[in-house]
Amino acid sequence: MYDESRFPRALVLGILFAFLISFAASLVIKAAKDSLSNPIIYATVPSFSFQKQDGNMFSREHMKRRVWIVDFIFTNCQGACPIMSGHMSKMYKLYGHSDKVHFLSISVDPNRDTMDVLQQYSIAQGVTDKRWTFCRGPIEKVISVCEKGFFLPAENLPMGHSTKFVLVDEKMQIRGYYDALINSDVEKLKTQVRELVRKL
């Protein structure tokens, strides 16, 4: 025999359960939004001075008031670097309408990556303006900046370089690390770039 007294209790429990699920979901969404709009500050970009592909010098002072995506590569790389530069090239084109987003690729093989080589490499990546900079410098300084400044591994170079993209804000603060070989990481990077640019 059907017990009508159970119906209100089941209804109340169902409503309560739905409320708890909705509340939990809202907390998750809020946490995700907070993590995107307020990424962690890991460190400040170290002082450095390297040679650009056009022969001029580039230092951290040139990074002020813009959002930067930084990576460490070498032009003869047959492994991760083509993938990394491919993603950078796509983002370079994606943000082509804005001067607020810039890119920096530092060579971990400066003996072979001469100024002329970097210039040709930049052309091959479709670079037509100053938004994507390629740099070279003495290997000991590159290692120091990589390990002590950007906190990335720099052992057994050039092959042992990191595959991470580093996100730097307009105050030259490191805001995140994203694996260039993981598409979801690259998409997350794009989202956080938009959040930082929106605040400029």
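As the structure is a computational prediction, the values presented were derived from the model and not from experiment. Worth knowing before you read on, the calculation uses all heavy atoms, side chains too, and leaves out hydrogens, waters and symmetry mates. Residues take their numbers from the sequence shown, with the count starting at 1.
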For this session: Tell me whether Y178 is reachable from I83 by hopping between hydrophobic residues (I, L, V, M, F, W, Y) whose side-chain heavy atoms are closer than 4.5 Å.
Result: no
Problem set entry | Any side-chain heavy-atom pair of F151 and K164 under 4.5 Å | no
For this session: Decide whether W132 and S105 meet the rule of one side-chain donor and one side-chain acceptor closer than 3.5 Å.
Result: yes
Problem set entry | Interatomic distance, Q125 atom CD to M88 atom CE [nearest 0.5 angstrom] | 9.5 Å
For this session: Name the orientation class of the two ring planes belonging to H62 and F58 (parallel below 30°, tilted from 30 to 60°, perpendicular beyond 60°).
Result: parallel
For this session: Check the pair S144, V142 against side chain to side chain contact (heavy atoms under 4.5 Å, CB included), reporting the backbone distance first and the verdict last.
Result: CA-CA 5 Å; S144 178; V142 171; over 6 Å; no
Problem set entry | Pairwise side-chain contact, L157 with I139, heavy-atom cut-off 4.5 Å (strictly under) | yes
Exercise. With no hydrogens and no angle check, is any side-chain donor or acceptor of R136 less than 3.5 Å from a backbone partner on P110?
Worked result: yes
For this session: Determine, step by step, whether V67 and L167 satisfy the side chain to side chain contact (heavy atoms under 4.5 Å, CB included) criterion, reporting the C-alpha distance in whole Å, the side-chain angles of both residues, the deciding distance to 0.1 Å, and the verdict.
Result: CA-CA 7 Å; V67 173; L167 177 61; 3.7 Å; yes
Exercise. Near M159 CE, under 6.0 Å, is it more than 12 heavy atoms from other residues, nucleotides or ligands?
Worked result: no
Problem set entry | D169 bridged to R175 by N-O distance under 4.0 Å | yes
For this session: With R131 as the cation and Y92 as the aromatic partner, state whether NZ or CZ is under 6.0 Å from the six-membered ring centre and within 45° of the axis.
Result: yes
Problem set entry | Main-chain N/O of T75 paired to D113 side chain as donor or acceptor, under 3.5 Å | yes
Exercise. Are L200 and F103 linked, directly or through other ILVMFWY residues, by side chains that come within less than 4.5 angstrom of each other?
Worked result: yes
Exercise. Is there a side chain to side chain contact (heavy atoms under 4.5 Å, CB included) between V117 and Q120 once you walk through the steps?
Worked result: CA-CA 5 Å; V117 169; Q120 290 303 313; 5.9 Å; no
Problem set entry | I182 with I73, same ILVMFWY side-chain cluster at under 4.5 Å | no
Exercise. Do NZ/NE/NH1/NH2 and the carboxylate oxygens of K188 and D185 come within less than 4.0 Å?
Worked result: no
Exercise. Looking only at heavy atoms, which two atoms of V186 and A180 are closest? And how far apart?
Worked result: CG2-O, 3.9 Å
Problem set entry | Shortest non-hydrogen contact from T133 toward C135 | CG2-SG, 3.7 Å
For this session: Keeping to residues at least two apart or across chains, list the side-chain hydrogen bond (donor to acceptor under 3.5 Å, both in side chains) pairs with something in residues 78-90.
Result: S85-Y121
For this session: To the nearest 0.5 Å, tell me how far N156 CG sits from H161 NE2.
Result: 12.0 Å
Exercise. Should M115 and I106 be regarded as members of a common hydrophobic cluster, given that ILVMFWY residues are connected when their side-chain heavy atoms come within less than 4.5 Å of each other, either directly or indirectly?
Worked result: no
Problem set entry | Residue pair P46 / F150: nearest heavy atoms and the distance that separates them | CD-CE1, 4.2 Å
For this session: List the steps, then state whether side chain to side chain contact (heavy atoms under 4.5 Å, CB included) holds for V197 with V193.
Result: CA-CA 6 Å; V197 168; V193 166; 4.1 Å; yes
Problem set entry | Closest non-hydrogen atom pair, G149 against I174 | O-CD1, 3.6 Å
For this session: Step by step, work out the side chain to side chain donor-acceptor pair (under 3.5 Å) result for H102 and R66.
Result: CA-CA 7 Å; H102 282 233; R66 291 187 176 97; 3.1 Å; yes
Seminar exercise, completed: Distance col, row S162:OG vs E147:CD, nearest 0.5 angstrom, shows 11.0 Å
Problem set entry | Test side-chain contact (heavy atoms from CB on, under 4.5 Å) applied to F48 and K141, E61, R60, the passing residue | R60
Problem set entry | Side-chain touch M84/T163, heavy atoms, less than 4.5 angstrom | yes
For this session: Give a yes or no on whether the backbone of L104 and the side-chain of W68 come within a donor-acceptor separation of less than 3.5 Å.
Result: no
For this session: Enter the distance from R194:CZ to Q192:CD here, rounded to the nearest 0.5 Å.
Result: 10.5 Å
Problem set entry | Nearest non-hydrogen partners of N56 and D54, listed with the distance | N-OD1, 2.9 Å
Exercise. Looking only at atom types and distance, does a side-chain atom of T191 sit under 3.5 Å from a main-chain N or O of E187, one as donor and one as acceptor?
Worked result: yes
Exercise. Can you tell if the side chain of Q51 reaches within under 4.5 Å of the side chain of M57, non-hydrogen atoms only?
Worked result: yes
Exercise. Are the aromatic ring centres of Y177 and Y42 under 6.0 angstrom apart?
Worked result: yes
Problem set entry | CD on E170 to CE on M63, rounded to 0.5 Å | 11.5 Å
For this session: Provide the closest heavy-atom pair for L181 versus A80 in the form atom of the first, atom of the second, distance.
Result: CD2-CB, 4.1 Å
Exercise. Hey, is the main chain of F134 close enough, under 3.5 Å, to the side chain of Q53 for a donor-acceptor pair?
Worked result: yes
